[in-house]
Amino acid sequence: MRFLIVSDVHGNRFGLEAVLEDARGDYDRIVCLGDVVGYGAHPNECCQLLRDHNALCLLGNHDAAALGNISIEWFNPVATAAILWTREQLSPDNRTWLQSLEPTLDCAQHGFGAVHASLRQPLEEYIIDPSVAQPTFGLMTWPLCFYGHTHVADCYRALDVAGKRYQMEYAPLPYGGALEMEASWRYLVNPGSCGQPRDGNPQARYALLDTEEKSLEVHALDYNWNAARDAIIEAGLPPVLGERLGQGR
Ligand code: ZN
């Protein structure tokens, strides 16, 4: 089975459409790692696209905040403005769909799992270094787990010896690349963000997993971020949310 993995769409219709077009014909099922909404100007369109494609979609912290299910006390002012705007925009139908989502996914039959943030704290924790990756490796029951939330495309891997994880290695993947999957290692992979990258590369990111070929590739592609920025400004959202798209920050 071939999976298209996307994460942190954040209401960026232009990023998501470009990814779906680029990956067309190369996957059987979409997995979305959450944060479908928040920041961008097209929350309903992004929900609808994923629903139309019957995506296996996870709940992200911005989705939960837009639903009013978690506090936005710790969100910064621009994120808060975007959440309050998104709450007003979401259709009852898309709200119900978001409400049905969970922050973790067990795809054991295909040999992988997925989480929005980390397995220790599925909606909150940022896996930004090996010390934070370690507990998620400890909780993984699959050889491969996808995560999002940081908006940074990268990969941690840990040697598996009798169920214990050793010798962690890290590789940033800002411009994508193929990952060699070796049987004795466990992999924690972030495909990067398709709607608001933060690793210095403004390109939209996604991953393709082929569970039969045991191949995994992260892709980076140009998309019309100017259109996404203009839509943010036209919607009356904080302009900085549009400008950052061109910087990948
Ligand atoms: Zn996010």
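One-based numbering, in listed order, for ligands and for the atoms of each. Since we're looking at a predicted model, the values are computed, not measured.
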For residues Phe3 and His110, establish whether the separation of their ring centroids is below 6.0 Å. yes
Query raised in the report: Can we call the ring centroids of Tyr156 and Tyr187 under 6.0 Å apart?
Result: no
Checklist entry - Regarding Arg157 and the six-membered ring of Phe137, is the cationic atom NZ or CZ under 6.0 Å from the ring centre and inside 45° of its axis? => result no
In Asp8, the N/O/S atom nearest the Zn ion (ligand 1) carries the name OD1
Which atom of His10 is nearest the Zn ion (ligand 1), counting N, O or S only? It is NE2
Closest to the Zn ion (ligand 1), among the N/O/S atoms of Asp35, is atom OD2
Notebook entry, point to check: Any N/O/S atom of His151 sitting less than 2.8 Å from the Zn ion (ligand 1), backbone or side chain?
Noted result: yes
So that I can tick it off, tell me whether Arg249 and Asp199 are bridged by a salt bridge, with the cut-off set at under 4.0 angstrom between side-chain N and carboxylate O.
no
